[in-house]
Amino acid sequence: MRPTTVVTKKTKSAAQPPRGGVKRTRAREGSGISPEEFLALRSPKGDLILEVRGERVSLTSLDRIYWPAEKISKFDLLCYYLQVESLIMPFLKDRPAILQRYPRGIKAPMFFQQDLESAPSFIKSVPLINQEGRELNYAVFTTIGSLLHFVNLGTIEQHPWHSTIKHLDKPDYFMLDLDPKEAPWKNVLDVALVCREVVDELGLPAFPKTSGSSGIHIYVPLKPKHDYRKVAAVAFALADEVAKRAPKIATTQRSLAKRQKQQVYVDAMQNARGKTIAAPYSVRARDKAPVSMPLTWEQIEKGVKISDFTVKNVPQLAGKTHDAWADFFEHRFTLKL
């Protein structure tokens with residue numbers, strides 16, 4: 001995702017006129033249904049109110065098709081996120097969100113929303129200022145109710161910041177995006193293993209996941225001690241070392257024209273403040289509704305594929321297998337710079 005340079009509200013220029021907060025919308029009247037009742041519905045149409053964790057979430061146009069070829073609806077997507085709540089929320093909670101909205105599905109126009117103009121009272125926001133000096137009210141993930149509200153707006157993919165609102169300037173992970181473009185999938189897996197070799201030598205924990213698009217993401221959990229600039233410098237150094245060790249299949253060259261076709265781009269650019277990446281367990285707005293799935297290193301070694309994980313099978317897989325990232329935040333590491 002393209003970067004958005006922002007600063008905290010307290011650094012706002014005195015010349016900028018004051019701006020109002022988020023307009024709060026009224027809660028819809030009427031009785032609601034529980035998550036269990038919602039999941040038991042069969043091909044529902046129209047609108048309803050979901051009562052979850054004390055929050056009343058208005059859900060609309062449930063029968064709208066988001067993936068035409070697969071006939072996957074908004075209802076199916078909402079069910080998915082409700083089913084994986086315990087898995088995805090640790091990676092979303094208390095983080096600003098950039099809403100990437102597909103209100104008419106993946107084949108219709110998409111738009112980004114950073115400024116939250118109106119929302120129900122249970123939706124939290126944080127005021128930040130972009131590089132043009134505009135104050136924006138960023139939505140914040142807080143509860144499963146907040147996530148379902150964003151999904152109802154057409155936010156198929158979940159893009160949280162790398163930091164929480166408690167430590168906005170200090171990320172609690174950094175990541176490398178292994179982007180193949182024209183390189184074969186085997187090279188992506190091999191480069192991922194080189195990443196593991198490098199971080200192991202540094203004594204850093206590393207967690208891989210499918211991007212859900214075309215590559216692999218490697219995350220390194222951190223204690224929020226250093227600012228984005230310092231953390232990004234470590235990520236760039238790591239990417240350079242990976243490319244140095246495997247120059248035939250890995251590169252840090254951004255220009256596609258200057259890369260060899262078999263080379264995987266080791267991208268550390270996504271660690272700037274305000275940049276986001278699809279969260280673990282996020283569905284992607286791609287054909288067949290793939291999921292950005294947390295992996296074990298054994299799965300990487302065995303040749304895992306992006307197509308192995310979709311909105312249709314991940315809830316069942318998650319119930320049968322161990323969560324590969326269950327202890328992610330327990331491995332947060334303090335970088336010694």
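Heads up: numbering here begins at 1 and tracks the sequence. These numbers were taken from a predicted model, which means no experiment stands behind them. No hydrogens, no waters, no symmetry mates; every other heavy atom, side chains included, goes into these values.
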Per side-chain contact (heavy atoms from CB on, under 4.5 Å), V22 is matched among S125, P120, P127, S121 by S125
Does D115 reach the main-chain N or O of L136 with its side chain, forming a donor-acceptor pair under 3.5 Å?
no
Under a 4.0 Å N-O cut-off, is there an ion pair linking D240 with K244?
no
With a 3.5 Å distance limit and no angle check, can you tell me whether Q270 reaches the backbone of D177 through a side-chain donor-acceptor pair?
no
Counting distance only, does the side-chain N/O of E241 pair as donor-acceptor with the main-chain N or O of L238 below 3.5 Å?
no
Calculate, to the nearest 0.5 Å, the distance between atoms CD and CD1 belonging to Q158 and I88 respectively.
5.5 Å
Assess the residue pair D327 and F207 against the criterion (side-chain contact (heavy atoms from CB on, under 4.5 Å)); give the C-alpha distance rounded to whole Å, side-chain angles, the decisive distance to 0.1 Å, and a yes or no.
CA-CA 10 Å; D327 57 353; F207 292 76; 3.8 Å; yes
Where do D63 and G46 come nearest, in terms of heavy atoms and distance?
OD1-N, 3.7 Å
Just by modelled atom types, is the L335 backbone N or O under 3.5 Å from a matching donor or acceptor in the H226 side chain?
yes
Is it possible for you to say whether L189 and Y265 belong to one hydrophobic cluster, with membership spreading through side-chain heavy-atom contacts below 4.5 Å?
no
State yes or no: do V191 and M269 share one hydrophobic cluster built from I, L, V, M, F, W and Y residues joined by side-chain heavy-atom distances below 4.5 Å, directly or via other members?
no
What verdict does the side-chain contact (heavy atoms from CB on, under 4.5 Å) test give for V283 and V314, after you've listed the backbone C-alpha separation in whole Å, the side-chain angles of each residue and the deciding distance to 0.1 Å?
CA-CA 10 Å; V283 182; V314 165; over 6 Å; no
Given side chains that start at C-beta, do those of I218 and F174 come closer than 4.5 Å, heavy atoms only?
no
What verdict does the side-chain contact (heavy atoms from CB on, under 4.5 Å) test give for D179 and V266, after you've listed the backbone C-alpha separation in whole Å, the side-chain angles of each residue and the deciding distance to 0.1 Å?
CA-CA 7 Å; D179 183 1; V266 185; over 6 Å; no
Would you call C195 and L176 a side-chain contact if the rule is heavy atoms closer than 4.5 Å?
yes
Check whether any side-chain heavy atom of L78 sits under 4.5 Å from a side-chain heavy atom of L62, and report yes or no.
yes
Tell me if a side-chain donor or acceptor on T155 pairs with a main-chain N or O of L99 at a distance below 3.5 Å.
no
Report yes if the side chains of T60 and S58 come closer than 4.5 Å at any heavy-atom pair, otherwise no.
yes
Side-chain donor/acceptor of H149 to backbone N/O of L59, under 3.5 Å
no
Does the distance from a Lys or Arg side-chain N to an Asp or Glu carboxylate O, for D287 and K107, drop under 4.0 Å?
yes
Would a 4.5 Å heavy-atom cut-off, applied to side chains only, mark K312 and I72 as touching?
yes
Salt bridge check, K74 against D76: does any charged N sit closer than 4.0 Å to a carboxylate O?
no
Verify the distance criterion only: is there a donor paired with an acceptor across the side chains of Y173 and N271 at less than 3.5 Å?
no
Determine whether L193 and I300 satisfy the following criterion, side-chain contact (heavy atoms from CB on, under 4.5 Å), listing intermediate values before the conclusion.
CA-CA 8 Å; L193 293 174; I300 296 281; 3.8 Å; yes
hydrophobic_cluster_shared for L87 and L295, side chain cutoff 4.5 Å
yes
Should the pair E197-R245 be classified as a salt bridge under the 4.0 Å nitrogen-to-oxygen rule?
yes
For Y66, does its backbone N or O pair with a side-chain atom of S73 as donor and acceptor, under 3.5 Å?
no
I'd like to know if the side chain of S163 and the backbone of L168 have a donor-acceptor N/O pair within less than 3.5 Å.
yes
Distance-only, no hydrogens or angles: does the Q263 side chain make a donor-acceptor pair with backbone N or O of P247 under 3.5 Å?
yes
Would F329 and F91 count as a close aromatic pair, with their ring centres under 6.0 Å?
yes
Validation row: K320, L317 side chains within 4.5 angstrom (heavy atoms):
no
Can you find a heavy atom in the side chain of L148 that is under 4.5 Å from one in the side chain of V57?
yes
Do R101 and F112 meet the cation-pi criteria used here (NZ or CZ under 6.0 Å from the six-membered ring centre, within 45° of the axis)?
no
Check: W67 side chain, A285 main-chain N or O, donor-acceptor pair, under 3.5 Å:
no
Indicate yes or no: does E301 engage R196 in a salt bridge with an N to O separation below 4.0 Å.
yes
Non-hydrogen atoms of R24 and I123 that approach each other most closely
NH1-O, 2.7 Å
To the nearest 0.5 Å, how far apart are OG1 in T142 and CG in L147?
9.5 Å
Cluster overlap M110 with L116, hydrophobic side-chain contacts below 4.5 Å:
yes
Specify the closest pair of heavy atoms between V304 and W185, including all atoms of both residues, with the distance to one decimal.
O-NE1, 2.7 Å
Would you kindly say whether E55 and T143 are connected by a side-chain donor-acceptor distance under 3.5 Å?
yes
When rounded to the nearest 0.5 angstrom, what distance separates NE2 in H159 from CD1 in I98?
8.5 Å
Flag for T310-K288: side-chain donor and acceptor within less than 3.5 Å:
no
In the structure I gave you, are the side-chain heavy atoms of I49 and S31 within less than 4.5 Å of one another anywhere?
no
Taking every heavy atom of I249 against every heavy atom of D190, the minimum-distance pair comes out as CD1-CB, 3.8 Å
Between H217 and Y219, what is the ring plane arrangement, given parallel below 30°, perpendicular above 60°, and tilted in between?
tilted
Closest heavy-atom contact between F75 and L41?
CZ-O, 3.7 Å
How far apart are the C-alpha atoms of Q83 and Y81, what are their side-chain angles, what is the distance that settles it, and do they pass the side chain to side chain donor-acceptor pair (under 3.5 Å) test?
CA-CA 5 Å; Q83 289 172 307; Y81 280 119; over 6 Å; no
Same cluster or not: I65 versus I156, using hydrophobic residues (I, L, V, M, F, W, Y) connected whenever any side-chain heavy atoms lie under 4.5 Å apart?
no
Evaluate the ring-ring contact (aromatic ring centres under 6.0 Å, His included) criterion for residues F150 and F141: first the C-alpha distance (whole Å), next the side-chain angles of each, then the deciding distance (0.1 Å), finally the verdict.
CA-CA 9 Å; F150 300 146; F141 294 107; 5.5 Å; yes
Under the side-chain contact (heavy atoms from CB on, under 4.5 Å) test against V194, which residue among L178, V242, V199 passes?
V242
Taking atom CD as the centre, does Q316 end up with more than 12 heavy-atom neighbours from other residues, nucleotides or ligands that are less than 6.0 angstrom away?
yes
If the threshold is 4.0 Å, N to carboxylate O, is there a salt bridge linking E157 and R286?
no
R104, CZ: over 12 other non-hydrogen atoms inside 6.0 angstrom
no
What do you reckon, is CD of E29 surrounded by more than 12 foreign heavy atoms closer than 6.0 Å?
no
Would you call R273 and D227 a salt bridge, taking side-chain N to carboxylate O under 4.0 Å as the test?
no
So, applying side-chain hydrogen bond (donor to acceptor under 3.5 Å, both in side chains) with D172, which one of R95, K225, K166 is it?
R95
